[in-house]
Protein chains: 2
Amino acid sequence: MKTVPHRTVGRFTLYWHILKDLEQEQTHVYSHFLASKARLTAAQVRRDLMVLGYSGTPARGYDVRKLLDHIEAFLFPSTEQRIAIAGVGNIGRALLKFFAGRQPMLRIAASFEVNPEKYDRMVLGCPCYSIDNAGSVIRELGITVGIIAVPDKEAQFVANLFVAAGIKGIINFARTPLQAPPDVYVEDIDLARSMDKVAYFARQSLKSDSMMISKESHK
Amino acid sequence: MKTVPHRTVGRFTLYWHILKDLEQEQTHVYSHFLASKARLTAAQVRRDLMVLGYSGTPARGYDVRKLLDHIEAFLFPSTEQRIAIAGVGNIGRALLKFFAGRQPMLRIAASFEVNPEKYDRMVLGCPCYSIDNAGSVIRELGITVGIIAVPDKEAQFVANLFVAAGIKGIINFARTPLQAPPDVYVEDIDLARSMDKVAYFARQSLKSDSMMISKESHK
DNA sequence: TGAGCATTGTGAAACAATTCACATTAAATT
DNA sequence: AATTTAATGTGAATTGTTTCACAATGCTCA
Ligand SMILES: NC(=O)c1ccc[n+]([C@@H]2O[C@H](COP(=O)([O-])OP(=O)(O)OC[C@H]3O[C@@H](n4cnc5c(N)ncnc54)[C@H](O)[C@@H]3O)[C@@H](O)[C@H]2O)c1
Ligand SMILES: NC(=O)c1ccc[n+]([C@@H]2O[C@H](COP(=O)([O-])OP(=O)(O)OC[C@H]3O[C@@H](n4cnc5c(N)ncnc54)[C@H](O)[C@@H]3O)[C@@H](O)[C@H]2O)c1
């Protein structure tokens, strides 16, 4: 069994969205077209689609509906897969609103809080439990993915609860790199890192702009 | 002039934070220690630090204060660098709260909205302008980085305004891949993609768990 | 003073992801 | 039926990143 490149999996979501929009308008699509919509190269699109085991035809390209079916078979869980979110603050609330009803097979089924004013009630359409009950709730609901949106200092504590309860994938918004066993897939989303990185490359770009100008003027 | 790996730039923010915590406790640090805090290998830490042009000593490791100085010289702008954010909704508000006063040299100096109830006043400590004035405000304040937190359909429109006004780095939360010239650095943060990806790998991990169990029971 | 030692800096190897390049294919056209 | 055409699928090359492995270093302690 070959392992699928991580980035390819991420791009399937993108292709799915593009194809879904396209479905109404046309029955077939070429790799070139998908590539331009997704801001990639045609070769990369074809390389990604190889893992689906579905082939287009040279003359027609890919059948939009069939391609959607194959992406869905690959990407979407066949039975409902459940997600929990720890920390219903700024980030937690934004996520609850955003993911509500987005993908029926992938559902935020529970949230957890330390703050007694927030738990033991529905928050944005999702039941909120005390973090103390996380282990049993996760096991009872069969939750497999956890989102960490608690303050940095609490992140490892929550991750430990998640892992102990059998969660196999974590999205971590805290700035603390998490300790987790290798069979748990962790995706860190550190906005401060993104910010500093983009600011750095923006400066580089400005610098080379001004260098070009000074080069010009030396001519 | 050699170009610095993108991932390395991202990790400097992480090292900076770890070192900042450490500064009070100790004067020197080994690559091993930084690696364990950052969940990386010691070799990778040393490889990253190479680009700073600062060397530690075999016996003492790195001088915490000097290393911080070099990271700051590399990562932090020498004069205030300004950021704008378009769209003060769920994501926009969360970011405004989070980045307020985080790094004095890197400041969210303006936000933009279409909704007249939101603009022409302060929102969470940051002046909010009409998106129609984005071009002139960006130029006047010398803003170089833009954050896109508007609905997907508006994202390209806002990106075009940003690029035309001279912005050189964009963080894009919308799910639309953006068209931008090559001298503008774009970082896409697509939470739906992260979600689907983590869910996929969590399922794989569950599957191989149960395969191991069935292997065990066959022995 | 010098042997022992743990750590650094870095060339080279390994690995991962992307791009190139082209033989192959099936439809459209002659 | 043969020819032309523009796309696909993929081996090989390239690019980017991480890891390995070890000589060089400078501190400690005999
Ligand atoms: N807001 C942002 O834009 C932003 C950006 C980047 C990173 N982050 C990170 O995301 C995390 C959350 O940020 P936020 O702005 O939503 O914070 P927040 O303070 O608004 O929300 C955190 C919530 O977690 C709850 N909480 C605290 N400890 C808990 C525990 N042990 N178990 C369960 N719940 C607990 C709190 O009661 C609170 O409701 C932080 O680590 C922050 O660094 C946030
Ligand atoms: N909320 C989330 O957790 C989440 C997660 C993933 C992605 N996103 C993406 O982030 C973006 C914003 O999400 P949100 O939840 O904050 O949405 P939101 O609807 O809460 O906020 C969008 C804001 O943008 C403003 N706006 C609309 N058009 C504008 C324009 N042309 N110029 C300036 N402002 C404009 C609206 O008035 C609104 O205040 C969307 O593209 C969404 O897909 C959000």
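Below, read A as the first sequence line, B as the second, and so on, with proteins coming before strands; counting in each chain starts at 1.
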Using a 4.0 Å cut-off on heavy atoms, which residues in residues 57-72 of chain B reach DNA chain D? List them by number, or say none. B:Pro58, B:Ala59

Strictly below 4.0 Å, N to O, side chains only: are B:Asp196 and A:Arg11 in salt-bridge contact? no

Tell me: OH of B:Tyr54 to P of C:dT8, nearest whole Å? 11 Å

side-chain N/O B:Arg7 vs C:dA17 OP1/OP2, d < 4.0 Å: no

Ring pair (Phe, Tyr, Trp, His ring centres under 6.0 Å): which pairs involve residues 75-104 of chain B, sequence neighbours left out? B:Trp16-B:Phe76

Answer with base, sugar-phosphate or nothing: what part of the nucleic acid does A:Ser55 contact at a heavy-atom distance below 4.0 Å? sugar-phosphate

If you take any heavy atom closer than 4.0 Å to DNA chain C, which residues from residues 17-29 of chain B end up in contact? none

In residues 33-53 of chain B, which ones come under 4.0 Å of DNA chain C, going by heavy atoms? B:Arg46, B:Arg47, B:Met50

Go through the steps for B:Tyr200 and A:Tyr185 under the test ring-ring contact (aromatic ring centres under 6.0 Å, His included), then give the verdict. CA-CA 10 Å; B:Tyr200 171 83; A:Tyr185 185 89; 9.0 Å; no

B:Arg203 side chain to A:Thr144 main-chain N or O, any donor-acceptor pair under 3.5 Å? no

On DNA chain C, check which nucleotide each of B:Ser31 and A:Arg11 is closest to and give me the residue with the more 5' one. B:Ser31

Do you know which of B:Ile147, B:Val145, B:Ile83, B:Val9 makes side-chain contact (heavy atoms from CB on, under 4.5 Å) with A:Val198? B:Val145

Tell me which donor-acceptor pairs under 3.5 Å the side chains of residues 154-181 of chain A have, and how far apart each pair is, sequence neighbours excluded?
| residue | atom | partner | partner atom | Å |
| --- | --- | --- | --- | --- |
| A:Gln156 | OE1 | A:Gln179 | N | 2.8 |
| A:Gln156 | NE2 | A:Asn160 | OD1 | 2.8 |
| A:Gln156 | NE2 | A:Gln179 | O | 3.1 |
| A:Asn160 | ND2 | A:Gln156 | O | 3.4 |
| A:Lys168 | NZ | A:Asp183 | OD2 | 2.9 |
| A:Lys168 | NZ | B:Asp209 | OD2 | 3.2 |
| A:Asn172 | OD1 | A:Ala174 | N | 3.0 |
| A:Asn172 | ND2 | A:Ala174 | O | 3.3 |
| A:Asn172 | ND2 | A:Thr176 | O | 3.1 |
| A:Asn172 | ND2 | A:Asp188 | OD1 | 2.8 |
| A:Arg175 | NE | A:Asp190 | OD1 | 3.3 |
| A:Arg175 | NH1 | B:His17 | NE2 | 3.0 |
| A:Thr176 | OG1 | A:Asp152 | O | 3.1 |
| A:Gln179 | OE1 | B:Arg39 | NH1 | 2.8 |

Going 5' to 3' along DNA chain D, which nucleotides are the first and last within contact of chain B (any atom under 4.0 Å from a heavy atom)? D:dT17 to D:dC27

